[in-house]
Amino acid sequence: MEKARRKRRRIPSDEIITLENVTKSYTTGSPALDGVSLHIKKGEFVFIVGDSGSGKSTLIKLLLRELTATEGEITVMGYNLNHIRHRKIPKFRRNLGIVFQDFRLLPDRNVYENVAFAQHIIQKPGSEIRRNVPKILATVGLAGKYKNKITQLSGGEQQRVALARALVNKPSILLADEPTGNLDPNTSWEIMKLLEKINENGTTIVMVTHNREIVNAMQKRVITMKKGVIVDDAEKGVYIDDEDY
Amino acid sequence: MMRIISTFFYTIGQGFRNLTRNRWYTLASIATIAACLFLLGTFYSIIVNFSNIVKTAEEGVSVTVFFKEGTTEEQILAFQAEIQNRTEVSKVEYVSAEAAWESFKTDYLGEYADGFTENPLQDSANLQIYMTDVSLQPSLVTYLESHQTLVREVRRSEITASTLSGMNKLIALISVGIILILLCVSVFLISNTVTIGISVRKSEITIAKYIGATDYFVRAPFVIEGILIGIIGSIIPLIVIYFLYSKVVTYITTHYSILSNLLTFLPVQHIYESLVPISVLIGVGIGFFGSAFTVRRHLGV
């Protein structure tokens with residue numbers, strides 16, 4: 001019985017993120033993630049919702065291999081994150097795009113340089129960078145502002161730069177950690193439309209959010225977490241209040 | 001190949017640009033290294049000159065041996081050969097009575113010497129002994145005085161000898177002490193400035209690691225920046241000391257002309273033959289290890 005449970009499930013070829021019984025414990029307190037299993041297919045758009053302390057941030061950090069699981073297996077794009085070598089981590093991360101609530105742009109560089117930074121990191125030749133960066137800036141609607149300083153941009157524009165930076169390396173998965181958390185409703189919708197367009201082009205999107213309106217309107221898969229456990233996983237789901245659980 | 005070349009130049013470019021991105025950090029680091037190397041260069045110049053003066057003075061010190069009446073030149077020359085074999089002796093010169101008188105005449109008498117028909121310094125044939133190590137002078141004197149059948153008198157410069165050997169030790173002690181203190185101060189100051197620089201750029205390192213930067217990519221621009229700071233920080237004091245040195249030497253030799261016979265200053269080029277590589281190596285070393293070590297601590301993203 002025990003042996004059968006331990007036997008590894010074969011990961012289907014269209015599955016891009018797989019978590020099997022993943023637990024993440026810190027030295028003190030109850031575990032941040034407690035036996036979570038999760039399967040995300042290529043090209044999906046998944047919302048992860050839940051109150052603070054529900055384990056959302058830990059989940060993102062595990063997917064980025066910033067943290068390692070205490071128990072269970074995590075496989076992302078064929079990389080087993082439990083056993084990946086330190087040297088291989090950069091190569092793995094090059095397939096991920098990431099955007100944060102606080103944008104995390106380099107304030108001492110202009111729009112173009114911030115996006116080109118990502119291309120330099122993956123060692124693209126200069127000629128390709130000069131071709132790719134303007135293209136992606138046009139996609140996010142910032143073609144005319146490539147010379148602007150980051151500090152001269154609005155919040156929405158800064159998040160667009162962050163998106164361009166995440167997308168310029170053509171990632172298979174985009175991890176978005178509350179990307180609309182610092183934006184007003186109109187700007188938030190503009191960002192969501194962009195994300196939807198990116199998703200339609202084939203990029204898998206995992207987005208952590210608190211924004212009820214967006215979740216309810218988008219009609220995508222919603223995973224609800226509470227105290228380190230997945231309490232609901234629904235196709236075309238809605239935002240579920242904490243009191244309901 | 002194109003990728004490697006492209007990344008190499010980007011890394012070097014970033015290293016140069018980092019210098020201007022955090023101007024105050026850069027200036028503070030350059031100033032710290034420059035100050036340390038200025039002090040080091042100053043003390044180095046003083047120490048090198050001082051030990052040169054001491055060495056010149058040491059070479060001038062000699063023990064003079066006078067002989068009893070009736071000692072033949074053959075006996076003196078045999079004794080000279082015997083002394084020459086001793087390890088503390090670098091050179092022994094025989095001065096005959098005639099040579100001593102000639103030298104006395106030219107030094108002190110000039111034209112008045114014509115009145116003398118005989119050599120008044122007949123018994124003044126002597127041996128002048130130069131030493132390799134001044135501190136061994138007492139034992140040589142004891143040895144010389146033990147030859148009572150030959151030796152009438154041993155003249156030595158007791159004060160100069162002991163002062164010089166004492167000074168030599170003092171200079172060595174002071175220089176080691178100063179260099180140690182300077183090293184501690186510079187390590188402390190540089191680790192502080194580098195830590196500030198890293199905290200300023202911690203977010204940049206984190207983002208680069210999230211995007212998939214290799215350790216090399218993150219480290220290299222900081223290390224290049226550190227090396228550039230080290231080079232600039234070592235060149236500034238070298239230029240300053242170069243011009244200051246000749247000014248100070250001119251000042252001392254004109255204002256303290258009494259000393260100018262005693263003090264022989266080395267040319268600045270001679271000092272710079274060793275000071276330039278020492279300063280640049282220390283500057284580059286501090287810059288390299290300071291930045292490499294601190295960046296390494298922040299790579300665990």
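Heavy-atom basis, side chains included; hydrogens, waters and symmetry copies ignored. Keep in mind it's a predicted model, so treat the numbers as computed, not measured. Throughout, protein chains are lettered first and strands after them, A, B, ... in sequence-line order, and every chain is numbered starting at 1.
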Separation between OG1 of B:T206 and CD of A:E66, rounded to the nearest 0.5 Å: 8.0 Å

Spatial distance of atom CD1 (B:I207) from atom CG (A:L105) [nearest 0.5 Å]: 7.0 Å

Structural part of [X] lying under 4.5 Å from a heavy atom of chain B:
X: A:F100; answer: side chain
X: A:K61; answer: neither
X: A:N169; answer: side chain
X: A:E113; answer: side chain
X: A:R165; answer: side chain

Under 4.5 Å from any heavy atom of chain A - which part of B:T7: side chain

CA sep, side-chain torsions, deciding dist, call: A:H86, B:D215, side chain to side chain contact (heavy atoms under 4.5 Å, CB included): CA-CA 10 Å; A:H86 178 79; B:D215 289 354; 3.3 Å; yes

For the student: nearest non-hydrogen atoms of A:P90 and B:G212, plus distance: CB-O, 3.4 Å

B:Y10 and A:H120 aromatic ring geometry - parallel, tilted or perpendicular at 30°/60° bounds: parallel

B:A213 backbone acceptor or donor facing A:R93 side chain under 3.5 Å: no

Carboxylate-amine/guanidinium proximity below 4.0 Å for A:R104 and B:E204: no

Side-chain heavy atoms of B:Y210 within contact of A:L96, under 4.5 Å: no

